[in-house]
Amino acid sequence: MTSAVGEDFQDAILPDQEWSGRVFERCVFTDADLTGLKTRNCVFTDCDFTGADLNTSSHVASAFRSCKFERTVFGKSSFDGCSLLGSSFVDCRLRSLTVRETDLTLVAMGRCDLREVDLHGVRFREANLTECDLRGCDLSEADFSGARMLGARLNNADLRDARLDADALVQANLRGARVDTALALSFAAAHGLHLD
């Protein structure tokens, strides 16, 4: 099977699978056991992973477009060179997630707990990160252009060379964050300070 449209994998038990070049559209993976799943160059569009177990899964150059992850388990999972464009995450376990060179443009991650996750260079353009917990994260070189960050916690995060809009600099909590000079000047300007 290289493609599936509208297939129902609910409650499927598929541990330690290796999928390469497969395409899934509008498929349901609710409560499926996908522990140890390895994907490479796969595309998932409008798929539902509610309650799925993706513990220790690894994904390389795969796309998860407009997918739903609710109460999904991602313990020790990794995304490398992936796209999660427009996907939503609700009540997911994400703290031991590894994310490298991944595009999280337009994702909905409001109230997600990502404390101390390495998100170096990740793209969060236009993402909903309202009340997201990013304390202690490596967010250096991350792109938050247009992201909604009301109440987001970036305390003690590494934000060097990160791109944040003025709104994000005002709405997020950056106490103790590590910043470079350019971001410090942007922060001051966003808070109405006049620099001479």
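All values derive from a computational prediction rather than experimental measurement.
- Residues Leu114 and Cys137 approach most closely at O-SG, 2.9 Å, considering heavy atoms.
- Rounded to the nearest 0.5 angstrom, Glu131 CD and Cys112 SG are separated by 11.5 Å.
- Val122 and Leu106 fall into different hydrophobic clusters, where Ile, Leu, Val, Met, Phe, Trp and Tyr are joined by side-chain heavy atoms under 4.5 Å apart, directly or via other members.
- The two residues Ala127 and Leu104 have their closest heavy-atom pair at CB-O, 3.9 Å.
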field: Stepwise side chain to side chain contact (heavy atoms under 4.5 Å, CB included) check, Leu183 with Leu169
entry: CA-CA 9 Å; Leu183 191 56; Leu169 292 170; 3.9 Å; yes
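- Taken to the nearest 0.5 Å, the OG atom of Ser3 stands 9.5 Å off from the CD atom of Glu25.
- Of the inter-residue distances, the one linking Asp48 atom CG with Thr30 atom OG1 reads 6.0 Å to the nearest 0.5 angstrom.
- Side-chain N or O atoms of Asp165 include none that pairs as donor or acceptor with a backbone N or O of Asp167 at under 3.5 Å.
- No hydrogens or angles considered: a donor-acceptor pair under 3.5 Å links the side chains of Asn128 and Thr130.
- For the pair Ser140 and Asp161, the minimum side-chain heavy-atom distance is 4.5 Å or more.
- Among all heavy-atom pairs drawn from Ser87 and Ser66, the shortest one is OG-N, 3.5 Å.
- Scanning both residues, Ala61 and Cys82, for their nearest heavy atoms gives N-SG, 3.8 Å.
- In terms of heavy-atom proximity, Thr39 sits nearest to Ser62 at OG1-OG, 2.9 Å.
- Taking a 6.0 Å sphere around CZ of Arg115, one finds it holds more than 12 heavy atoms contributed by other residues, nucleotides or ligands.
- Each of Leu34, Thr56, Leu54, Asp53 was compared with Val73 under the side-chain contact (heavy atoms from CB on, under 4.5 Å) criterion, and only Asp53 meets it.
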task: Test Asp143 against Ser145 for side chain to side chain donor-acceptor pair (under 3.5 Å), laying out the working first.
output: CA-CA 6 Å; Asp143 185 355; Ser145 299; 2.5 Å; yes
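- A chain of hydrophobic side-chain contacts below 4.5 Å, direct or via other Ile, Leu, Val, Met, Phe, Trp or Tyr residues, connects Phe124 to Leu174.
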- request: Any chance you could lay out the side chain to side chain contact (heavy atoms under 4.5 Å, CB included) test for Trp19 and Leu14, step after step, and finish with the verdict?
  value: CA-CA 11 Å; Trp19 297 346; Leu14 301 167; 4.2 Å; yes
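- Residues Ser57 and Ser77 have side chains that bring a donor and an acceptor to within less than 3.5 angstrom of each other.
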- prompt: Does the pair Val43 and Arg65 meet the rule for a side chain to side chain contact (heavy atoms under 4.5 Å, CB included), with working shown?
  reply: CA-CA 8 Å; Val43 177; Arg65 299 177 183 142; 3.6 Å; yes
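- Around atom CD1 of Ile13, no more than 12 heavy atoms belonging to other residues, nucleotides or ligands sit under 6.0 Å away.
- Take His191 and apply the ring pair (Phe, Tyr, Trp, His ring centres under 6.0 Å) test, not counting sequence neighbours, and it matches Phe187.
- Within the 4.5 Å cutoff, no side-chain heavy atoms of Phe89 are placed close to those of Thr72.
- Note: Arg123 CZ to Leu84 CG = 11.0 Å, rounded to the nearest 0.5 Å.
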message: Apply side chain to side chain contact (heavy atoms under 4.5 Å, CB included) to residues Leu94 and Val117 and explain how you reach the verdict.
response: CA-CA 8 Å; Leu94 301 170; Val117 173; 5.8 Å; no
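- Applying the 6.0 Å contact sphere to CZ of Arg100 captures more than 12 heavy atoms from other residues, nucleotides or ligands.
- To the nearest 0.5 Å, atoms CG (Leu134) and CG (Asp113) are separated by 9.0 Å.
- Residues Asn55 and Gly75 approach most closely at OD1-O, 2.5 Å, considering heavy atoms.
- Note: Arg148 CZ to Leu129 CG = 8.5 Å, rounded to the nearest 0.5 Å.
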- request: May I have the step-by-step check of salt bridge (charged side-chain N to carboxylate O under 4.0 Å, His left out) for Glu18 and Lys38, ending in yes or no?
  value: CA-CA 5 Å; Glu18 293 189 23; Lys38 292 178 176 54; 5.3 Å; no
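- Between Phe24 and Phe44, the ring-plane angle classifies as parallel under the 30° and 60° cut-offs.
- A heavy-atom distance below 4.5 Å is found between the side chains of Arg135 and Asn155.
- The aromatic rings of Phe49 and Phe69 lie parallel to each other, with less than 30° between the two planes, well short of the 60° mark.
- Sparse packing is recorded around CD of Glu101, with 12 or fewer heavy atoms of other residues, nucleotides or ligands lying under 6.0 Å away.
- Looking at Asp91 and Arg71, no side-chain N of the basic residue comes within less than 4.0 Å of a carboxylate O on the acidic one, giving no salt bridge.
- Atom CZ of Arg163 has 12 or fewer heavy atoms from other residues, nucleotides or ligands within 6.0 Å.
- With contacts defined as side-chain heavy-atom distances shorter than 4.5 Å, the pair Leu37/His59 qualifies.
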